[in-house]
Chemist: 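This is the structure, below, for whatever I ask next.
Sequence lines set the chain letters: A, B, ... in the order given, protein chains first and strands last, and positions in each chain run from 1.
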There are 2 protein chains.
Amino acid sequence: MYERKIPELLDCGLAVALKVIGGKWKAWILDCINRGVARPSAIHREMQEVAPRIINMHLKELEEYGILYKEVYAESPARVEYRFTEVGKSLLPVLATLETWGNTHKEFIHRNIEIYQPGTCRFLPQ
Amino acid sequence: MYERKIPELLDCGLAVALKVIGGKWKAWILDCINRGVARPSAIHREMQEVAPRIINMHLKELEEYGILYKEVYAESPARVEYRFTEVGKSLLPVLATLETWGNTHKEFIHRNIEIYQPGTCRFLPQ
DNA sequence: GCCCACAGGGAAAAATTTTTCCCTGCCACC
DNA sequence: GGTGGCAGGGAAAAATTTTTCCCTGTGGGC
């Protein structure tokens, strides 16, 4: 386990929210589970681009925060499904808000990045 | 300048939104500007914990995305103020949503992190 | 026995972000 | 001339996150 050297500032609600959803692949994982893709192997199949190890780490982190919980069926070999806790469910509309904002403005942002010249004032149409 | 080796996936609105707000101190910076703390030196004074260099980098990044723009007064020495663009303003309610969610659930999340035992099913009251 | 799918994690490397240190230049004040 | 506030950035170090590689164990099918 990695041990932080600089303590985190987590008083602020925004900082907490960003810690929870901020991992590189967490949003995609949450979207999978929201669509019913709940088993680790199924998530791995959907997210070919991402190594299973990483997905497992994110799942564990989300479980640790209480966003997801693990349903472990007493079969052999054990079958596992991840589900949202109530707090996890409350996160979904927040993610939808972010997604909507991003989709609305992504062309604007991409265009700005392309044409950016430090110091130049640019007023692109939104 | 750092040059990425792995290309970013920025089709998804959520990914774009997280790229824009995801830096370590960006939310705080945006909050400063929202409260009228607009000059670099004023932001530096408010954010004692953070090295000026970092704040400058975040400011530049937000300017590059078109979230902020720079008003440079033709004085000498030049006076600079950062302001929100229209797109930047549209981000504020989104940040407020995140902040509210985080404040509502941060105790829950902190408690979960403390008591977390892998594999243990826990159903804390929200 | 061998190979497959399944769930999972340790250790180290690589990539990325954050931080520190120190530099530029402008002007004002004493 | 020295000191201070202002705006800003290069280079390297440190911290953190992501990734790769390889390992554990279970059971099923052939």
Chemist: With sequence neighbours excluded, what pairs up with A/D31 under the side-chain contact (heavy atoms from CB on, under 4.5 Å) test?
Modeler: A/R35
Chemist: Would you call the rings of B/H105 and B/W101 parallel, tilted or perpendicular, taking 30° and 60° as the class edges?
Modeler: tilted
Chemist: Applying side-chain contact (heavy atoms from CB on, under 4.5 Å), can you list everything that pairs with A/A15, at least two apart in sequence or on another chain?
Modeler: A/L10, A/C12
Chemist: Distance check, rounded to the nearest 0.5 Å: A/C32 atom SG versus A/H44 atom NE2?
Modeler: 10.0 Å
Chemist: Counting just side-chain N and O atoms, does A/K70 come under 4.0 Å of either OP1 or OP2 of C/dA7?
Modeler: no
Chemist: Go through the side-chain N and O atoms of B/E49 and B/W25 and say whether any donor and acceptor fall under 3.5 Å apart.
Modeler: no
Chemist: Protein within reach of the bases, or only the backbone? For nucleotides 14-19 of chain D, mark each nucleotide 5' to 3' as B, S or -, using heavy atoms under 4.0 Å.
Modeler: -SBBSB
Chemist: Could you tell me how far apart B/E64 (CD) and D/dG9 (P) are, to the nearest whole angstrom?
Modeler: 12 Å
Chemist: Does D/dC6 have OP1 or OP2 under 4.0 Å away from a side-chain N or O of B/R45?
Modeler: yes
Chemist: With each end axis built from five pairs of C1' atoms, what bend angle do you get for the helix from C/dG1-D/dC30 to C/dC30-D/dG1? Round to 10°.
Modeler: 20°
Chemist: Whole angstroms only, please: what is the CG-P distance between B/N56 and C/dC21?
Modeler: 17 Å
Chemist: Mind checking the CG-OG1 spacing from B/L95 to A/T97? Nearest 0.5 Å is all I need.
Modeler: 11.5 Å
Chemist: Roughly how far, to the nearest 0.5 Å, is the CD atom of B/E64 from the CG atom of B/L59?
Modeler: 13.0 Å
Chemist: Just the rounded figure in Å: distance from C1' of C/dA5 to CD1 of A/I43.
Modeler: 16 Å
Chemist: Output all residues satisfying side-chain hydrogen bond (donor to acceptor under 3.5 Å, both in side chains) with B/R4, sequence neighbours left out; order by chain, then residue number.
Modeler: none
Chemist: Going by distance alone, is a donor N or O of one side chain under 3.5 Å from an acceptor N or O of the other, for B/E71 and B/Y82?
Modeler: no
Chemist: In whole Å, I'd like the distance from the NZ atom of B/K60 to the P atom of D/dG8.
Modeler: 10 Å
Chemist: What distance do B/H58 atom NE2 and B/I29 atom CD1 have between them, rounded to the nearest 0.5 Å?
Modeler: 5.5 Å
Chemist: Within residues 26-39 of chain B, find the residues that approach DNA chain D with a heavy atom at under 4.0 Å, and present them sorted by residue number.
Modeler: B/R39
Chemist: So, the side chain of A/N34 versus the backbone of A/L30: is there a donor-acceptor pair under 3.5 Å, distance only?
Modeler: no
Chemist: Just the rounded figure in Å: distance from P of D/dG8 to CD of B/E63.
Modeler: 9 Å
